There are 4 protein chains.
Amino acid sequence: MANPEAHAHRSGPVRSDDARRAILEAVAGEFLAKGYEGLTIQGVAAAAHVGKQTIYRWWGGKAELVADCLVEGLLWDTELAVVDTGDVVHDVTTWIAHMLDLDRPGGRDVLRSLLGAAASDEPLAQHLDELLRGAHEGGVTHRLTVACERGELDEGVDTVLATDVLLGLVVVRTIVRRPTTHDELDSLVRQLLTAR
Amino acid sequence: MANPEAHAHRSGPVRSDDARRAILEAVAGEFLAKGYEGLTIQGVAAAAHVGKQTIYRWWGGKAELVADCLVEGLLWDTELAVVDTGDVVHDVTTWIAHMLDLDRPGGRDVLRSLLGAAASDEPLAQHLDELLRGAHEGGVTHRLTVACERGELDEGVDTVLATDVLLGLVVVRTIVRRPTTHDELDSLVRQLLTAR
Amino acid sequence: MANPEAHAHRSGPVRSDDARRAILEAVAGEFLAKGYEGLTIQGVAAAAHVGKQTIYRWWGGKAELVADCLVEGLLWDTELAVVDTGDVVHDVTTWIAHMLDLDRPGGRDVLRSLLGAAASDEPLAQHLDELLRGAHEGGVTHRLTVACERGELDEGVDTVLATDVLLGLVVVRTIVRRPTTHDELDSLVRQLLTAR
Amino acid sequence: MANPEAHAHRSGPVRSDDARRAILEAVAGEFLAKGYEGLTIQGVAAAAHVGKQTIYRWWGGKAELVADCLVEGLLWDTELAVVDTGDVVHDVTTWIAHMLDLDRPGGRDVLRSLLGAAASDEPLAQHLDELLRGAHEGGVTHRLTVACERGELDEGVDTVLATDVLLGLVVVRTIVRRPTTHDELDSLVRQLLTAR
DNA sequence: CTTTAAACGAGACGGTACGTCCTGTCTTAGT
DNA sequence: ACTAAGACAGGACGTACCGTCTCGTTTAAAG
């Protein structure tokens, strides 16, 4: 074993997965219902029928809880993977549009609340970043890179920058609560995917 | 007296401007020191040597206080107007770069915290939006429009969209705490300011 | 004003007597129902429809609350004054007997619980001491002193010691939960009230 | 096998005496250091390097633990037997005096804390009672009875009552934290040991 | 010697209470 | 009328223990 991690033998009961799941589901529920600011550890504990200590034993606070929910896919349809139809512009536009009115009433609220949370917690921001950009395949950056390799895009397109720019538009518009038209997106994607 | 809403009598002192200023300065101080989440009405009242009621009488909560600070220029150099040297690309790049390392330590923290606040309060978001885009002349959108009229830019460039995209990059990068190079900015601005 | 006490002007609302009374009554209720150990600040706050802070603002904890209840006569019939019929032995015996089965079921429990509380809190112990011995007239010590002056008792009887001895018997018997007969009391009082 | 309660088989290890001793010593240590109220099962388990269950398996709670410590002589010098020099008054006075400043700093604190504990736990009260009065020979009651038989005392002296009265004085004075002089004791003992 | 089951250390669990901090409203006394 | 001060009911914070319950290990009697 590579890391001689700190547990030195360690018998005793093991972490309860029931509790863990109940907590994360409660977090998701409260988050979706009341946003990040309205989320309370107390409320989560009550909703999950769990002692507060059980929460504090494994998480450091709201931010960590939400981060875990995020990676677990409890806050997000998870199906925001970019599909690959062969047409980058279409794929990316579709994906963005999909994300913009993040499926159903309050979808944008979730993203907004998440952004607010990320603004005040660095690790959560990292998680959100990875999730949005898609560190894993299925993310936009990946789709763009694939397109680049296929020759769909001019060489010299900075896929990471392009991703951030696209997300940036989604993000500002979400924060300031201004709508975005399909045309705007289309135009932007087109402009970005063509190197100078 | 023109409007009959003005009740018959109305004696007593008027709103104290001393208190108002002390409060906004205290808000700015606390915000800068502890961020939006760490800001408390109680703390502001204490720091401003002011009764809590005086705050609640004139403002509705943290968000409004911060919004007022914002428009008052207490949180921001306010001098983030885009200068007009005749070279749009240079002007805009400079402005963005200036905003990105928002003057020294913690500058980015202020923007980040404001974004967090905006995420949970719509009116504050509007104020921030106006301030960043510059509804007034001196803002980026204005600069772009001017450039358009001068023929510096291709017609058909959507100046509002371009502004949001630029701000978007700043915003995401600020939230996820990733740096942006001058080259990236330059490349982006150039791409944006050229219509298809 | 003799003491230039710390308040220096001090405007603002005054302590609410409603709250104060509600709290002390709640304390008395909980104490009587559940004893000193079973008394919780939380429970008192809930029963008195009061914020916990209002309790902590004016009292330092359970002990102080109970002490206040005690001096307020909320835990005790208060009518444990020794009556003066002219016959010391009778008066004192009656008083002790009265105190021993402190009026009604659980009377002894109250005394026992108070003794437990006094054991772990010095100030409360002082209050209890004064209340039992009767620093005020109406107390045993006072009655004994009066008897002394009247010549009912031999000179040289140490009234303070005698009081403590009498109380001592009540106290040990209460703590160890052993009953005391009227004869025992009578015999003891007689022995004590005769100097050697 | 006489009692059928003993279940058919019963293999496995027997009760560990190491654990038992470690626990009682830890209880004594914590009790002496922090009093009865400050004593926690958790703390005892930690101090004794023992699982909490091992405590709950054999004892019912704080009170039982302290009771065991008491009978084991871990909280008390145990050598508070009344010596028999032939002079009852002297012997008893000496014993009481000895108990009053129960050997050095905090001696009185131990007694006080034990009384507090006894006030809230009947069985512990019984143990304490027996220990103080000395159900076994060596106790005061025994000494008095012996003196009675020898003719040192008037007949008709109620030795049990006398014992309780003496203890009573010690107890009240301990609880209310008032000192007792040697003269007081002497006078009291003399008075008690003479029947009417 | 193997089986078997209780006792062990450790500690996670659902809870209750702690004492602190802040919220937004209300109440004074002082201009 | 407006202020500074601050008490109020309420609710969330993060911590400490409670008593119960699982773990995996150790150990001793029964087979």
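None of these values were measured; they are calculated from a predicted model. Convention: sequence-line order gives letters A, B, ...; per-chain numbering from 1.
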*Asks:* Base, backbone or nothing for each nucleotide of nucleotides 21-27 of chain E, written B, S, -, heavy atoms under 4.0 angstrom, 5' to 3'?
*Replies:* BBBBBBB
*Asks:* Could you give the NE2-to-C1' distance, from B:H49 to F:dG6, as a whole number of Å?
*Replies:*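 From B:H49 NE2 to F:dG6 C1': 15 Å.
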*Asks:* Could you pick out which residue, B:A48 or C:A48, lies toward the 5' side of DNA chain F when each is mapped onto its nearest nucleotide?
*Replies:*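 The residue closer to the strand's 5' end, by nearest nucleotide, is B:A48.
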*Asks:* Testing the basics here: between B:V27 and B:C69, what is the closest heavy-atom pair and its distance to 0.1 Å?
*Replies:*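 Between these two residues, the closest heavy atoms are CG1-SG, 3.5 Å.
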*Asks:* Distance check needed: F:dA9 C1' versus C:I55 CD1, whole Å only.
*Replies:* 12 Å
*Asks:* Closer than 4.0 angstrom, basic N to acidic O: yes or no for D:E72 and D:R21?
*Replies:* no
*Asks:* Using modelled atom types only, decide if a donor and an acceptor are shared between the side chain of A:E64 and the backbone of A:G60 within a distance under 3.5 Å.
*Replies:* yes
*Asks:* Taking the side chain of D:S16 as heavy atoms from C-beta outward, which of E:dG14, E:dC8, F:dC8 is closest to it?
*Replies:*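 Within the option list, the nearest is E:dC8.
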*Asks:* Take atom CD of A:E30 and atom P of F:dA12, then tell me their distance rounded to the nearest Å.
*Replies:*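 One finds 10 Å between P of F:dA12 and CD of A:E30, rounded.
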*Asks:* Looking at A:S11, does any N or O in its side chain come under 4.0 Å of the phosphate oxygens OP1/OP2 on F:dC23?
*Replies:*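 No.
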*Asks:* Quick one: which of E:dA12, E:dG14, E:dG9 gets closest to the side chain of A:A19?
*Replies:* E:dG14
*Asks:* What I'd like to find out is whether the side chain of D:F31 reaches to under 4.5 Å of the side chain of D:L74, using heavy atoms alone.
*Replies:*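 In short, these two side chains do not touch, never coming nearer than 4.5 Å.
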*Asks:* Could you check if a side-chain atom of A:L115 sits within less than 4.5 angstrom of a side-chain atom of A:S113, using non-hydrogen atoms only?
*Replies:*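 A:L115 vs A:S113: side chains apart.
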*Asks:* Look at B:R57 and F:dC2 and indicate whether a side-chain polar atom (N or O) is within less than 4.0 Å of OP1 or OP2.
*Replies:*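 B:R57 to F:dC2 OP1/OP2: no side-chain N or O under 4.0 Å.
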*Asks:* If we ignore hydrogens and angles and just use 3.5 Å, is the side chain of D:K62 paired with the main-chain N or O of D:T40 as donor and acceptor?
*Replies:*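 No, D:K62 side chain to D:T40 backbone: no donor-acceptor pair under 3.5 Å.
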*Asks:* Please report the distance, rounded to the nearest Å, between NZ in C:K34 and C1' in E:dT16.
*Replies:*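 About 11 Å, once rounded to whole Å.
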*Asks:* Rounded to whole Å, how long is the line connecting atom CH2 of D:W58 with atom C1' of F:dT20?
*Replies:* 17 Å
*Asks:* Which whole-number value in Å describes the distance from C:R15 CZ to F:dA9 P?
*Replies:* 12 Å
*Asks:* Rounded to whole angstroms, how far apart are CG on C:D17 and P on E:dT28?
*Replies:*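 Atom CG in C:D17 sits about 12 Å away from atom P in E:dT28.
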*Asks:* Return yes if some donor-acceptor pair links the side-chain N/O of B:R177 with the main-chain N/O of A:A119 below 3.5 Å, else return no.
*Replies:*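 Yes; at least one donor-acceptor contact below 3.5 Å.
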*Asks:* Using atom CD1 of D:I23 as one end and atom P of E:dA7 as the other, report the distance to the nearest whole Å.
*Replies:* 13 Å
